[in-house]
Amino acid sequence: MKTKIGIIGQGYVGLPLSLAAASAGYEVLGIDSDTKKVSQINSGNSPIEDISNNEISAMIKSGSYRCLTHVDSTFDAEAILICVPTPLGSDHQPDLSYLRSAVESAGKALKQRGLIIIESTIQPGTTRDVIVPILEKMSGLSHDQFLVSYSPERIDPANKTWKISNTPKLVAGLTDEAAQKAKAFYSKFINQVDICDSLEVAETAKLLENSFRLVNISFINELSIFCQKIGININDVINAAATKPYGFMPFYPSVGVGGHCIPVDPIYLASAAKEAGAPTRFIELADQINLEMPNYFVSRANEILGGLKGKKVLVIGVSYKPNVSDVRETPVASLIAGLEKSGASVSWHDDLVKTWNNQSSVPITDQYDLAIIATPHDYIQLSKLGNTPVLNTRGSK
Ligand SMILES: NC(=O)c1ccc[n+]([C@@H]2O[C@H](COP(=O)([O-])OP(=O)(O)OC[C@H]3O[C@@H](n4cnc5c(N)ncnc54)[C@H](O)[C@@H]3O)[C@@H](O)[C@H]2O)c1
């Protein structure tokens, strides 16, 4: 008989993970509170680009995977994984409400010796100090009667090289037994699983990974402003520096970081650091520079056109990174808002996103005063712009 596992949250992280575990021989119950998404998945339609309809249908047909809207008292799984959002609230601070609610559901279904694995990004100490007490309360068990592990996800949407199976996975446990059990679970479908010394090490490692990206991208974005001022292309500088075979890693310019992780996770670290009395000033500065980038490009557009009032501007690519349709936390939203505030009439083209904020993607034509390349998807043909002036946020002189 197959080992049954539950995975709460069937989004960019939980759905690929569910299918990977199902392919490895587990019987996977995916749980998602979004009823529309659950029926979409159960009818074989993928809600994300990286997973095809065929992959979902094949797993459903084989009986290895199905999706439910909630965990009930009959739910009987050996392990429950939690992959729900951990965003920032309207105060730009960590919002754990989805996580708390998912942990409460998992707690109700938790059995003696059952394993809970948290994959959502969280602050150091959250598994031990927030999650374990909720599990104890909801299950009526004490922490030595169940197993708790933290294992940060490392999904990179649209990455064709690094998939679940070949991306090393970190795990940590409240106890050594929990860490070993989590390692055994993942080892069925991931080549390398490394155990961290403590839950807090694994939680902080995830925040370090994403803060490293935010700090470096913001640094390059700040430097790109300097390069533009002195008339050189930042990409030429990065490519020159990248010929050094050690001690340098290239990062490239943009309107800013976006998505569910890079703009969000560092704030989890900064807020924990502030609480501990050891502020992470690099992160705070990087966050500030990141949030200023859209306005920098509004001022560049203003300079190029000698004023934006009444000018027709086409923004090309609105998702947060090339070749994905995800618009969560996209910095292009602030770019468009800034252009409109300055009086420009803004249209956007993005045939991966198609519709967004009640507007639709328009074709690329030469009928605009300015085109701003925000997110250059591979499919985009810039030749259709003809002689339209172009502002390239990905690096220009
Ligand atoms: N997507 C990425 O590339 C990425 C990268 C790094 C970190 N993360 C982290 O992974 C976690 C999950 O992110 P994601 O991108 O998969 O999010 P997502 O929004 O794509 O998916 C989360 C899913 O959880 C569901 N959900 C929310 N609350 C629920 C509840 N209480 N019970 C059941 N379902 C619930 C939502 O309906 C949604 O379908 C977050 O902590 C995020 O920061 C994601």
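Starting from 1, each residue takes its place in the sequence as its number. Counting starts at 1 for both ligands and their atoms, following the listed order. Everything numeric in this text was worked out from a predicted model, so none of it was measured.
- Look at Glu104 and Lys137 and you find no salt bridge, because none of the NZ, NE, NH1 or NH2 atoms lies under 4.0 Å from a carboxylate O.
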Tyr26 vs Tyr65, ring pair (Phe, Tyr, Trp, His ring centres under 6.0 Å): CA-CA, chis, key distance, verdict: CA-CA 9 Å; Tyr26 292 103; Tyr65 172 70; over 10 Å; no
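- A salt bridge links Lys321 with Asp156: at least one charged nitrogen is closer than 4.0 Å to a carboxylate oxygen.
- Using a 4.0 Å cut-off between charged side-chain N and carboxylate O, Glu78 and Lys4 make no salt bridge.
- Looking at heavy atoms from C-beta onward, Arg154 lies in side-chain contact with Pro168 at the 4.5 angstrom threshold.
- The residues lining ligand 1, counting any heavy atom closer than 4.0 Å, are Ile8, Gly9, Gln10, Gly11, Tyr12, Val13, Asp32, Ser33, Asp34, Lys37, Cys83, Val84, Pro85, Thr86, Tyr98, Ser101, Ala102, Ser120, Thr121, Glu153, Ile155, Pro157, Lys206, His260, Cys261, Asp265, Arg328.
- Counting only distance, with no hydrogens or angles, the side chain of Lys311 and the backbone of Leu305 share a donor-acceptor pair below 3.5 Å.
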